[in-house]
Amino acid sequence: MTEHRSGFACFVGRPNAGKSTLTNALVGTKVAITSSKPQTTRHAIRGIVHREDAQLVLIDTPGLHRPRTLLGERLNDIVHTTWSEVDVVGFCVPANEKIGPGDKFIAAELQKIAKRTPVIGIVTKTDLVQPQQVAEQLLALQQVMDFAELVPVSAVDGFQVDTLAKLLIERLPEGPQLYPGGELTDEPEQTLVAELIREAALEGVRDELPHSIAVTVEEMLPREGRDDLIDVHAFLYVERPSQKGIILGHKGERLREVGATARKHIERLLGSKVYLDLHVKVAKDWQRDPRQLRRLGF
């Protein structure tokens with residue numbers, strides 16, 4: 001009988017360090033939304049990696065940053081809570097960006113848990129640079145803190161993704177499966193659907209918009225008399241009327257594009273045809289309002 005390991009790992013790093021893409025690559029399917037916009041992740045999404053000898057539960061956390069809003073503070077709280085509960089932490093730094101104050105801030109926070117929780121240094125996005133640059137980034141990362149391991153990876157071309165999985169699994173305790181074999185995430189379907197709509201809305205909007213977008217799925221039901229169609233009714237929230245105009249686009253064209261893109265991903269997720277009813281609402285300054293944050297799920 002070979003030993004079976006099971007436990008939790010999380011990726012941390014500055015916003016846009018490639019954490020969500022790496023989570024999806026390890027799980028083998030899309031469980032975390034990805035975007036070229038920083039601070040896309042707002043929940044600690046769990047993805048489950050199944051191996052014969054192990055089950056690795058990955059928690060993709062929001063990027064740790066110096067918060068400027070109540071939402072920012074809540075996101076940082078999610079990160080710190082997650083760190084205290086996992087068996088191993090992966091600290092992600094992109095190969096194509098110099099290590100800066102933000103990375104050092106996170107490393108200083110990680111030092112506080114490194115005695116009891118191993119921290120693996122991960123240089124991500126190696127496909128974007130030359131090997132020489134990867135080597136230089138690994139050396140630079142080594143100066144930041146004392147890591148249990150250092151590994152370069154590319155989630156895009158699969159470079160060393162299996163090696164990383166092995167390094168994470170080696171640090172899990174022995175134990176049985178925590179989730180049934182076929183499950184890839186424990187996120188409720190409605191949360192994933194809302195995230196897919198938000199991902200579609202984030203692409204192509206102006207830089208000032210990403211943190212102002214929130215999505216709630218009000219209802220998700222099979223169409224009466226049809227077992228091949230699911231009706232999804234959702235609201236996309238922004239903070240100001242001018243932002244509503246950006247999301248809607250000329251004669252509602254932009255919103256139709258968002259709906260069409262999101263619908264394709266939702267149909268793949270649910271394995272069914274979907275009718276998506278999507279409306280835009282203004283929730284004034286919701287990122288700073290505790291009552292509205294609660295209503296929007298934060």
Side-chain angles (χ1 to χ4, degrees), residues 7-26 32 34 36-41 44 56 58-68 72-73 75-157 159-172:
F8 296 84
C10 77
F11 293 135
V12 300
R14 277 187 294 120
N16 216 17
K19 303 180 295 294
S20 299
T21 312
L22 196 51
T23 297
N24 292 338
L26 281 156
T34 57
S36 53
K37 305 284 182 289
Q39 267 168 265
T40 304
T41 303
L56 170 66
L58 290 167
I59 306 176
D60 176 42
T61 56
L64 192 70
H65 60 295
R66 293 185 193 280
R68 288 195 296 274
E73 285 172 27
L75 297 184
N76 276 359
D77 288 345
I78 291 172
V79 179
H80 284 115
T81 305
T82 304
W83 289 5
S84 64
E85 293 168 352
V86 296
D87 301 294
V88 55
V89 174
F91 176 28
C92 297
V93 172
N96 62 332
E97 290 174 33
K98 278 205 165 12
I99 289 171
D103 300 302
K104 289 172 182 163
F105 167 68
I106 294 167
E109 296 288 303
L110 282 171
Q111 290 281 22
K112 299 170 190 172
I113 63 154
K115 277 193 179 68
R116 65 174 190 277
T117 309
V119 180
I120 293 176
I122 306 165
V123 172
T124 59
K125 307 187 184 185
T126 58
D127 54 292
L128 298 179
V129 298
Q130 296 300 313
Q132 174 65 22
Q133 227 172 312
V134 175
E136 285 165 10
Q137 191 72 320
L138 283 165
L139 283 170
L141 189 54
Q142 211 168 4
Q143 308 306 313
V144 172
M145 68 175 276
D146 194 15
F147 291 101
E149 293 277 357
L150 275 174
V151 60
V153 300
S154 166
V156 171
D157 61 20
F159 173 64
Q160 297 229 109
V161 169
D162 280 345
T163 304
L164 174 61
K166 193 165 150 290
L167 291 172
L168 294 168
I169 286 166
E170 279 170 4
R171 283 159 179 82
L172 301 182

J.: Which pair of non-hydrogen atoms, one from Gly7 and one from Leu172, has the smallest distance, and what is that distance?
T.: N-CD1, 3.6 Å

J.: Quick one: closest heavy-atom pair of Pro118 and Ala148, and the distance?
T.: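 Residues Pro118 and Ala148, closest heavy atoms: CB-CB, 4.1 Å.
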
J.: Between Asn24 and Thr21, is there a donor-acceptor pair closer than 3.5 Å when you use the side chain of the first and the backbone of the second?
T.: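 Not confirmed, Asn24 side chain does not pair with Thr21 backbone.
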
J.: Looking at every heavy atom in both Leu164 and Ile122, which two are closest together, and how far apart are they?
T.: CD1-CD1, 3.8 Å

J.: If the threshold is 4.0 Å, N to carboxylate O, is there a salt bridge linking Arg171 and Asp87?
T.: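 So Arg171 does not pair with Asp87 through a salt bridge.
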
J.: Give me the atom names and distance for the closest heavy-atom approach of Phe159 to Pro152.
T.: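 Phe159 and Pro152 have their closest heavy atoms at CE2-O, 3.7 Å.
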
J.: I'd like to know if the side chain of Gln137 and the backbone of Glu97 have a donor-acceptor N/O pair within less than 3.5 Å.
T.: yes

J.: Can you tell if the side chain of Val86 reaches within under 4.5 Å of the side chain of Ile59, non-hydrogen atoms only?
T.: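 Touching, per the 4.5 Å side-chain cut-off.
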
J.: Might you point out which heavy atoms bring Ala17 and Thr124 nearest each other, and give the distance in Å?
T.: O-OG1, 2.7 Å

J.: Report yes if the side chains of Phe105 and Leu110 come closer than 4.5 Å at any heavy-atom pair, otherwise no.
T.: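 Phe105 vs Leu110: side chains apart.
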
J.: Of the non-hydrogen atoms in Leu56 and Ala9, which two are nearest, and what is the gap between them?
T.: CD1-CB, 3.7 Å

J.: Answer yes or no: is there a side-chain heavy-atom contact under 4.5 Å between Val89 and Phe8?
T.: no

J.: Would you say Cys10 and Glu85 make side-chain contact, with heavy atoms under 4.5 Å?
T.: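 No, their side chains stay 4.5 Å or more apart.
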
J.: Have Ser154 and Asp157 got a donor and an acceptor in their side chains that come within less than 3.5 Å?
T.: yes

J.: Give a yes or no on whether the backbone of Ala155 and the side-chain of Lys125 come within a donor-acceptor separation of less than 3.5 Å.
T.: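 Judged by distance alone, no pair lies under 3.5 Å.
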
J.: Could you tell me if the side chain of Val134 sits less than 4.5 Å from the side chain of Val129, heavy atoms only?
T.: yes

J.: So how far is it from Gln143 CD to Lys104 NZ, rounded to the nearest 0.5 Å?
T.: 10.0 Å

J.: Can Leu22 and Cys92 be said to form a side-chain contact (heavy atoms from CB on, under 4.5 Å), step by step?
T.: CA-CA 9 Å; Leu22 196 51; Cys92 297; 4.1 Å; yes

J.: Tell me whether Glu149 contacts the main-chain N or O of Ile120 through its side chain, where contact means a donor paired with an acceptor under 3.5 Å.
T.: no

J.: Would you mind reporting whether Glu170 and Leu167 have side-chain heavy atoms less than 4.5 Å apart?
T.: yes

J.: Could you tell me whether the side chain of Leu128 reaches within less than 4.5 Å of the side chain of Thr126, counting heavy atoms only?
T.: no

J.: Please report the interatomic distance CZ(Arg14) to CD1(Ile106), rounded to the nearest 0.5 Å.
T.: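 The CD1 atom of Ile106 is 7.0 Å from CZ of Arg14, to the nearest 0.5 Å.
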
J.: Side chains of Leu58 and Leu168: does their closest heavy-atom pair fall under 4.5 Å?
T.: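 Yes - at least one pair of side-chain heavy atoms lies under 4.5 Å apart.
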
